[in-house]
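Here the structure is laid out as structure tokens; the discussion comes afterwards.
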Amino acid sequence: MTTDTAPFRVRDWLDGRLPADWFTALDVTVDREEITIHGTIPAPEADTPEGRSGRITRFREETRAARIEIARELEARTGRKVAWGVTCGETSTVFTRLSVPVMTRLQQPQRQVLDTLVEAGVARSRSDALAW
């Protein structure tokens with residue numbers, strides 16, 4: 001397992017590994033637990049929300065096996081999970097995303113705000129409210 005996973009190195013590896021026709025632009029984000037690969041694909045001729053949604057769905061289905069293989073290779077090299085996302089025109093979606101628990105120290109006024117959101121039904125829990 002390689003621990004040298006600075007964003008530019010992961011990006012360099014992906015530039016060589018990803019099929020050239022997948023994305024017109026690529027954004028790679030690396031943190032301690034996860035690598036998010038977010039690419040831009042061309043908008044369809046009918047550049048409507050439905051057309052873009054269809055293009056994203058087609059991309060997701062057509063590239064699934066290759067994306068899984070690339071993610072496994074990258075996970076083996078870095079020890080991090082890989083998430084994929086796509087932007088098509090004005091529509092953006094992330095296919096997978098890792099949820100990592102974190103601990104936050106809050107003082108009573110902040111906890112009261114969270115509890116108010118939970119009591120109002122806006123959030124299911126303090127964690128959900130904090131995500132806001």
Side-chain angles (χ1 to χ4, degrees):
M1 176 172 73
T2 303
T3 58
D4 184 13
T5 55
F8 70 92
R9 299 226 183 227
V10 171
R11 172 66 188 254
D12 289 349
W13 185 84
L14 287 168
D15 282 344
R17 180 62 178 90
L18 292 175
D21 62 340
W22 273 15
F23 303 122
T24 58
L26 183 66
D27 181 46
V28 179
T29 306
V30 179
D31 69 16
R32 291 186 308 176
E33 292 88 13
E34 183 177 33
I35 297 169
T36 303
I37 302 166
H38 199 107
T40 302
I41 59 176
E45 196 168 307
D47 192 5
T48 63
E50 295 81 11
R52 292 187 299 265
S53 177
R55 176 66 53 92
I56 289 169
T57 300
R58 185 178 80 188
F59 175 84
R60 184 177 188 184
E61 294 303 317
E62 289 178 354
T63 62
R64 183 180 312 263
R67 284 186 298 107
I68 290 170
E69 181 180 335
I70 293 166
R72 285 185 179 149
E73 291 172 15
L74 192 52
E75 287 171 6
R77 288 178 172 268
T78 64
R80 291 168 170 82
K81 291 294 183 185
V82 174
W84 294 89
V86 169
T87 297
C88 182
E90 296 175 13
T91 305
S92 189
T93 188
V94 177
F95 304 146
T96 54
R97 170 125 311 147
L98 185 63
S99 276
V100 179
V102 297
M103 187 168 95
T104 304
R105 295 182 191 278
L106 300 174
Q107 295 176 353
Q108 189 176 28
Q110 290 89 17
R111 291 192 312 267
Q112 287 173 332
V113 170
L114 298 180
D115 291 341
T116 299
L117 291 171
V118 172
E119 289 169 10
V122 175
R124 294 177 307 190
S125 66
R126 282 180 171 177
S127 295
D128 278 348
L130 189 58
W132 280 53

Main-chain N/O of Ser53 paired to Thr57 side chain as donor or acceptor, under 3.5 Å: yes
Minimum-distance pair of heavy atoms, taken over all atoms of Arg55 and Pro42: NH1-O, 3.0 Å
Spacing of CD belonging to Glu75 relative to CD1 belonging to Ile35, to within rounding of 0.5 Å: 8.0 Å
Flag, side chain of Thr48 to backbone of Gly51, donor-acceptor distance under 3.5 Å: yes
Gap separating the CG atom of Asp27 from the OG1 atom of Thr36, nearest 0.5 angstrom: 9.0 Å
Test side chain to side chain contact (heavy atoms under 4.5 Å, CB included) applied to Leu74 and Leu14, step by step: CA-CA 9 Å; Leu74 192 52; Leu14 287 168; 4.2 Å; yes
Side chains of Ile70 and Val82 in contact at under 4.5 Å (non-hydrogen atoms): no
Donor-acceptor under 3.5 Å (Arg11 side chain, Leu26 main chain): yes
Glu61 vs Arg64, salt bridge (Lys or Arg N to Asp or Glu O under 4.0 Å): CA-CA, chis, key distance, verdict: CA-CA 5 Å; Glu61 294 303 317; Arg64 183 180 312 263; 2.5 Å; yes
Gap between atom OG of Ser125 and atom CG of Leu114 - 0.5 Å precision: 9.0 Å
Under 3.5 Å donor-acceptor, Arg126 side chain and Arg111 backbone: no
Nearest atoms (heavy-atom pairs only) where Arg67 meets Phe95: NH1-CD1, 3.5 Å
His38 side, atom NE2; Thr93 side, atom OG1 - distance, nearest 0.5 Å: 8.0 Å
Between CG on residue Leu130 and CG on residue Leu117, distance to nearest 0.5 Å: 10.0 Å
OG1-CZ distance between Thr78 and Arg9, expressed to the nearest 0.5 angstrom: 14.0 Å
Whether Thr24 side chain and Thr40 backbone form a donor-acceptor pair below 3.5 Å: yes
Trp22 reachable from Ile37 in the ILVMFWY side-chain graph, under 4.5 Å edges: yes
Plane angle bin for Phe23 and Phe59 - parallel if under 30°, tilted between 30 and 60°, otherwise perpendicular: tilted
Flag, side chain of Gln110 to backbone of Gln107, donor-acceptor distance under 3.5 Å: yes
Minimum-distance pair of heavy atoms, taken over all atoms of Val118 and Arg124: CG1-O, 4.1 Å
Heavy-atom side-chain contact between Pro49 and Glu90 under 4.5 Å: no
Check: Pro44 main-chain N/O paired with Arg52 side-chain donor or acceptor under 3.5 Å: no
Heavy atoms from other residues, nucleotides or ligands near CZ of Arg72 exceed 12 (cutoff 6.0 Å): no
